[in-house]
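Encoded as structure tokens, the structure appears first; notes follow it.
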Amino acid sequence: MALDTVFRDQWGRVLATLVGFLGDIELAEDAAQEAFAIAAERWPRDGEPASPAGWLIATARNRAIDRIRRQRALADKTRLLARELASRPEETMNETTTFRDERLELIFTCCHPALALDAQVALTLRALGGLSTEEIARAFLVPFETMSKRLTRAKHKIRDAAIPFAVPPAYQLPDRLAAVLAVVYLIFNEGWGGGRIDLAAEGIRLGRALAELLPDESEALALLALMLLNDARRDARVRDGQLVLLDDQDRSLWDWQQIAEGRQLLQRAIARRTTGQYAVQAAIADLHLHQPRDWHQIAALYDVLAQQTSSAVVEMNRAIAVAELDGPDAGLAVLDQLDLGHYRYYHSTRADLLRRSGRDTEARHAYQRALELAQTEPERRFLTGRLVELDP
Amino acid sequence: MQYALLIYNPDDDVADQAQRPIDPGIAAVLARRDVTGWIRLHAPGSATTVSHQEDRMLLTDGPFVDSKEFLGGLVLVEADNLDGALAVAAELAELRPGRVVAIEVRPVRGEEISGA
């Protein structure tokens, strides 16, 4: 297996165990990086070990212990470790030792509400995704320095304020899990990628880890289902650099295996709990894949979602369903209540309904506003095309 | 670990809040073992701010930040980690929702605190 792939797959697991052991993310990162560097040197020569994670963790742990013994100052930073060393002076770890998977502890730490949202996102990508600071900076279009400071400040806050490295107690879990899922979904939806970074793929990877670690949590399963169902259409969305609307997409380009997987997860999620926010969104995503679309069901689910989230964007999507059932004017009535002037899809949605309502002048203005806010070439081409159609 | 809970109260022209008796619910929390110290401050009008400007010490009448809310008190708590300290802050905030606008929770440096 390509070394690069192994490393990316193992980073989160290795780092999590090291953070648990060392009690400090920066120390754990240094130790992990050392171990990965040694592996990069030795594995091509000696072959990949039977348990890559075990080898990496054992190596990192031993290097960290050596380092701390040599540097008194570091030991003072990790009181926990000092105590541990005192009680077990010569314990050597090897790759066959079973290390607990502490990725849940790590992700709950990274997504602690005491950290700002952009810090949670960056830290999750760094700690669990194994992305470099440079890669994360590029993905979110911020300068390297900015992202570097953001990560450092977050790690220092975790250290100085003693944000616990733990899975939250049962009574807090729903809220804290919601925060984690929101970060993962944000990663899936936002960011530009570029180069080898595909944030949608990162979101799905994180989603898979969560579903694996929390197989009984309906919302974790539902979020993964939602991401898989949406992502399955990626190859059909753009044709010749042009945006293709769902109804016009070549369904043979959809990833049906991924859709099947998403649908299975959705069933598992609903079996546990039908009312979670992500379960409802995933069910809507599934309904959109059927031809013809059951707009009654879709509208009904958006009703439920609107009540749960009081989100203007949800209302906007509900307006689209309303328009399908009751005509564009009914949809526009819903849109007019919303304060989404900064949101490009609000304007494109309004424009579409105005166009279908025969209100061409207003439609043109709305398309122009959407064009000003557009963020990709395919989007711009699509909107320009619509404007051309409206040109008398 | 020690945490300082900085209690912010709303500004109003009711009599000096330091004269108010301590709410019994709050008093119960303050009497707990995990609370290691607390102080109540006089109203912000009684404050004087010392700052260093262009080589001189400057005295200003009033609090450092002049806003609708002011620092009313400080509670020191002992907790294993941030979540423990946040739980106490949440308790206090819930007890007096009108009087406690916000509580800033900050770790205290070092293992020892003196006085209080």
Side-chain angles (χ1 to χ4, degrees), chain A residues 16 19-26 28 72-73 75-84 102 104-117 119-120 123 127 152-180, chain B residues 1-9 25-26 28-30 32-39 64-65 67 69 71-97 100-116:
Chain A
V19 175
F21 174 60
L22 295 168
D24 183 281
I25 295 183
E26 280 179 318
R72 245 351 278 180
D76 291 334
K77 266 165 77 169
T78 58
R79 294 163 292 158
L80 187 68
L81 180 57
R83 249 183 280 142
E84 205 179 318
E102 295 184 81
L104 271 183
E105 283 83 344
L106 185 56
I107 203 171
F108 277 109
T109 303
C110 292
C111 297
H112 195 283
L115 297 167
L117 184 59
Q120 293 178 30
L123 207 50
T152 304
R153 224 180 290 132
K155 291 179 221 169
H156 287 175
K157 168 133 192 203
I158 291 172
R159 179 194 64 198
D160 293 338
I163 288 179
F165 184 73
V167 176
Y171 75 94
Q172 261 185 1
L173 197 62
D175 279 346
R176 295 288 307 279
L177 180 60
V180 169
Chain B
M1 256 192 78
Q2 294 274 345
Y3 293 85
L5 275 51
L6 308 162
I7 320 280
Y8 285 87
N9 302 121
I26 303 253
V29 176
L30 297 178
R32 288 203 311 239
R33 269 190 22 202
D34 56 341
V35 174
T36 55
W38 55 272
I39 57 171
F64 176 56
V65 177
S67 70
E69 297 85 20
L71 185 67
L74 188 135
V75 178
L76 290 167
V77 296
E78 174 69 40
D80 285 337
N81 53 52
L82 182 62
D83 282 353
L86 290 174
V88 181
E91 245 191 298
L92 290 170
E94 256 165 64
L95 280 168
R96 300 283 277 147
V100 174
V101 168
I103 302 181
E104 185 182 316
V105 179
R106 269 213 248 167
V108 172
R109 274 200 204 248
E111 297 298 333
E112 307 296 329
I113 50 156
S114 58

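Letters A, B, ... are given to chains in the order of the sequence lines, protein chains preceding strands, and every chain is numbered from 1. As the structure is a prediction and not an experimental result, all values here were calculated from the model.
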**Fill in**
Smallest heavy-atom separation, Val108(B) atom then Ala4(B) atom, equals CG2-N, 3.8 Å

**Message:** Contact between Trp38(B) and Leu74(B) at the side-chain level, heavy atoms closer than 4.5 Å - yes or no?
**Reply:** no

**Prompt:** What parts of residues 104-112 of chain A touch chain B if we use heavy atoms and a cut-off under 4.5 Å?
**Reply:** His112(A)

**Complete:** Residues at least two apart in sequence or cross-chain that pass salt bridge (Lys or Arg N to Asp or Glu O under 4.0 Å) with Glu104(B), listed by chain then number, are Arg106(B)

**Message:** More than 12 heavy atoms of other residues, nucleotides or ligands under 6.0 Å from CG of Asp80(B): yes or no?
**Reply:** no

**Prompt:** Which heavy atom of Met1(B) sits nearest a heavy atom of Pro107(B), and at what distance?
**Reply:** CE-CB, 3.8 Å

**Request:** Check Leu92(B) against Val100(B) and note the closest heavy-atom contact, atom names and distance.
**Result:** O-CG2, 4.4 Å

**Prompt:** Which answer fits Ala114(A), side chain, backbone, both or neither, if we ask what part of it has an atom under 4.5 Å from a heavy atom of chain B?
**Reply:** side chain

